[in-house]
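Beneath this line is the structure, given in structure tokens, with notes to follow.
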Amino acid sequence: MVAQFFGLKLRLMGNAFRRSPWQVFGLVVGLVYGVAITAVVVGVLIAARLIPDAASVHSVIVVIGSLVVLGFAVLPLLFGVDDTLDPRKFSLFGMPTRQLSTGLALAALIGIPSLVLSVCALATVVTWSRDPGTALIALVSAVIVVLTCMLASRVTTSVASFLLSTRRSREFGGVIGILVIVLVAPVVFLLLTIDWGRDGLGVVSGFASWLSWTPLGAVWSVPGEAAQGAWGTAVLQLLVALATLGLLWLAWTNLVARMLVTPPREAQARAYHGLGWFSRLRGGPTAAISARSMTYWGRDPRYWISLVIVPVVPVFIIVALTLGGIPAHYASLVPLPMICLFLGWTIHNDIAYDNTAIWLHLVSGTRGVADRVGRIFPPLIIGVPVIVVGSLLTTAIFGEWDILPAVAGLSGAILLIGLGLSSVASALFPYPATKPGDSAFAQPQTSGASAALVQALSFLAIIVVASPILVFLVLGLAVSPIWLTIAPLSAVVLGFGSLFGGLYLGARVFDRRGPELMAFANRND
């Protein structure tokens with residue numbers, strides 16, 4: 001049966017060369033790239049055999065090997081892959097669960113990633129061939145490495161296809177992936193600031209000493225500990241590696257048994273009772289559009305995923321400023337204005353998100369002012385409590401309560417300026433956006449240079465209009481506290497002036513460009 005699974009996997013790989021010429025070309029390029037990477041890694045591992053400092057080689061291999069195991073385990077779960085040998089495809093053949101689990105697990109050894117890993121893992125035998133005992137334990141560890149990575153990949157791939165079969169679950173997985181990247185970003189920035197020529201080996205050794213006792217790095221650490229004479233430690237870490245492999249095998253067999261008797265998940269329509277926001281916001285066209293916008297922001301993944309990403313960028317900026325030498329005392333002033341900046345900017349292409357549904361506004365004779373005011377309701381509802389709470393937290397972290405009015409004024413003004421300018425941009429310069437019902441991570445088919453230009457100009461325009469308030473805040477911190485009084489006053493003038501001016505101009509543009517907006521919606525349907 002295992003031979004049949006091997007043959008099936010080889011035929012599936014061979015069919016990849018029967019696709020279009022460009023797909024075959026891309027596959028060949030990928031193969032050449034994989035062979036080149038393998039050759040480089042194998043050459044480095046063989047050359048490491050000549051390095052007398054076994055401790056340094058051990059630390060580097062443990063850290064890099066741990067990242068490899070993590071990649072095999074996490075990437076399929078976060079982003080999903082096409083599982084050509086999904087266990088559910090064999091549910092009608094009546095195969096025993098244990099035989100099917102074994103066959104599918106071994107068939108996973110046939111593939112480019114697994115072949116690259118196998119060759120590189122066997123090359124570590126040469127790295128640790130300092131005596132017969134170390135070479136033998138290195139060979140055993142290499143086999144465990146390959147089996148661990150393959151089982152981890154099979155488990156997470158099947159979990160991804162089993163649990164992330166619906167679009168909403170895949171989008172949720174993508175959001176989790178973004179949050180993971182955010183959490184990892186500070187570590188990456190920290191690593192970039194290290195003087196590797198002086199402190200690099202010590203940092204790697206510190207990571208290795210911790211990873212060598214985890215399921216990620218224990219198997220990579222076993223031959224290195226043996227090469228240094230620490231056979232007791234090597235045996236204990238080998239037990240950790242075997243326990244990890246055993247748990248993965250147990251998880252895999254139970255997952256296969258569960259998938260064989262469980263149908264694929266289907267998206268279930270949620271039942272909504274009542275009118276929701278339409279019952280809370282009663283009135284004319286402005287209230288109706290506000291209610292519709294609030295409904296979109298709460299249910300449409302294109303909106304709420306953007307809200308999840310809004311706090312992400314300030315995290316990167318804070319870490320970059322801190323590592324760049326800016327005192328945390330001043331870096332704490334950045335997140336709130338940045339969040340308000342992106343929150344106000346989110347509706348700069350809101351009409352395009354409606355797609356052809358914009359015709360309801362046009363044929364019903366809805367005035368532009370109702371459309372413009374209704375669309376700014378959600379970011380205002382979200383932004384006001386964010387500004388109130390965020391201003392208090394920012395001032396508390398900064399430690400000087402005299403700046404509270406200036407911080408609140410700057411953040412509120414940025415939000416109002418963003419909403420005002422976005423009200424003009426969305427009616428004057430709409431560009432293709434993700435269609436309703438599509439994945440929030442999908443890219444529109446027609447996104448030329450105009451989209452990037454509109455995004456850049458609308459974003460920079462908010463910063464330019466708000467720059468006087470920012471200058472007054474900086475002068476208040478660096479020159480004289482009197483500027484901290486001028487900053488909130490200027491924020492009120494610029495903020496509300498930009499908001500009302502943007503709503504007025506956006507309404508005029510919407511009324512005048514109704515046919516063009518309808519043509520745009522039909523062109524990008």
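Values reported hereafter were calculated over all heavy atoms of this structure, with side chains retained and with hydrogens, waters and symmetry mates removed.
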Checklist line | Val41: side-chain contact (heavy atoms from CB on, under 4.5 Å) partners, not counting sequence neighbours | finding: Ile37, Leu45, Cys120
Next item on the list: Indicate the atoms forming the closest heavy-atom contact of Val219 with Ser141, along with that distance.
Entry: CG2-O, 3.4 Å
Margin query: Going by side-chain contact (heavy atoms from CB on, under 4.5 Å), name the residues that satisfy it together with Val125, two or more places apart in sequence or in a different chain.
Written below: Ala138, Leu139, Ala142
Next item on the list: Assess whether side-chain contact (heavy atoms from CB on, under 4.5 Å) is satisfied between Leu333 and Leu477, documenting all intermediate values.
Entry: CA-CA 11 Å; Leu333 299 175; Leu477 296 175; 3.7 Å; yes
Checklist line | Those residues that, when tested against Ser212, pass side-chain hydrogen bond (donor to acceptor under 3.5 Å, both in side chains) (two or more places apart) | finding: none
Note to self: The criterion is side-chain contact (heavy atoms from CB on, under 4.5 Å); which residues satisfy it with Ile64, sequence neighbours excluded?
What the structure shows: Val60
Next item on the list: Compare all side-chain heavy atoms of Asp131 with those of Thr134 and state whether any distance is below 4.5 angstrom.
Entry: yes
Next item on the list: Only counting residues at least two apart or in another chain, list the ones meeting side-chain hydrogen bond (donor to acceptor under 3.5 Å, both in side chains) with Tyr353.
Entry: none
Check: Rounded to the nearest 0.5 Å, how far does CD1 of Ile463 lie from CG of Leu470?
Finding: 9.5 Å
Next item on the list: Count the heavy atoms belonging to other residues, nucleotides or ligands that lie under 6.0 Å from CH2 of Trp231, then report whether that count exceeds 12.
Entry: yes
Check: OG1/Thr38 to CG/Leu115 distance, rounded to the nearest 0.5 angstrom?
Finding: 9.0 Å
Notebook entry, point to check: Which heavy-atom pair separates Ala48 from Thr127 by the least distance, and what is that distance?
Noted result: CB-CG2, 3.9 Å
Check: Taking only residues two or more places apart in sequence or in another chain, which ones pass side-chain contact (heavy atoms from CB on, under 4.5 Å) with Ala54?
Finding: Trp128, Arg130, Gln228
Next item on the list: Return the set of residues passing side-chain hydrogen bond (donor to acceptor under 3.5 Å, both in side chains) with Glu225 (not counting sequence neighbours), or none when no residue passes.
Entry: none
Margin query: Between Thr214 (side chain only) and Trp210 (backbone N and O only), is there a donor and an acceptor less than 3.5 Å apart?
Written below: no
Next item on the list: Would you name the heavy atoms of Cys149 and Leu117 that are closest together and state the gap between them?
Entry: CB-CD2, 3.3 Å
Check: Which atom names give the shortest non-hydrogen contact between Ile137 and Pro223, and what distance separates them?
Finding: CG2-CA, 4.0 Å
Do any side-chain atoms of residues 381-406 form donor-acceptor pairs under 3.5 angstrom with protein atoms, and if so which ones, sequence neighbours left out?
residue, atom, partner, partner atom, Å
Ser391, OG, Ile387, O, 2.6
Thr394, OG1, Gly390, O, 2.7
Thr395, OG1, Ser391, O, 2.7

Notebook entry, point to check: Closest approach of Thr156 and Ala73, non-hydrogen atoms and distance?
Noted result: CG2-O, 2.7 Å
Notebook entry, point to check: Which atoms form the tightest heavy-atom contact between Leu415 and Pro379, and what is the distance?
Noted result: CD2-O, 4.3 Å
List the atom pairs, with distances to 0.1 Å, where a side-chain N or O of residues 337-345 and a protein N or O form a donor-acceptor pair under 3.5 Å, not counting sequence neighbours.
residue, atom, partner, partner atom, Å
Trp345, NE1, Ser458, OG, 2.9

Report all side-chain donor-acceptor pairs from residues 248-255 shorter than 3.5 Å, counting only partners two or more places apart or in another chain.
residue, atom, partner, partner atom, Å
Trp252, NE1, Ser101, O, 2.9
Thr253, OG1, Trp249, O, 3.1
Thr253, OG1, Leu250, O, 3.0
Asn254, ND2, Leu250, O, 2.6

Notebook entry, point to check: Is a side-chain N or O of Ser467 found less than 3.5 angstrom from the main chain of Val464, in a donor-acceptor match?
Noted result: yes
Margin query: I'd like to check the side-chain hydrogen bond (donor to acceptor under 3.5 Å, both in side chains) partners of Ser411; sequence neighbours left out, ordered by chain and number.
Written below: none
Item checked: Pairwise distance CD1(Ile462) to NE2(His348) - rounded to 0.5 angstrom -> 9.0 Å
Check: When you measure from the side chain of Thr157 to the backbone N and O of Arg154, does any donor-acceptor pair fall under 3.5 Å?
Finding: no
Notebook entry, point to check: Between Leu238 and Ile144, is any pair of side-chain heavy atoms under 4.5 Å apart?
Noted result: yes
Check: When rounded to the nearest 0.5 angstrom, what is the spacing between OG1 in Thr244 and CG in Leu151?
Finding: 11.5 Å
Note to self: Looking at Ala218, is its backbone amide N or carbonyl O close enough to the side chain of Ser221 to form a donor-acceptor pair, meaning the two atoms are under 3.5 Å apart?
What the structure shows: no
Next item on the list: Drop me the distance from Trp220's CH2 to His58's NE2, to the nearest 0.5 angstrom.
Entry: 12.0 Å
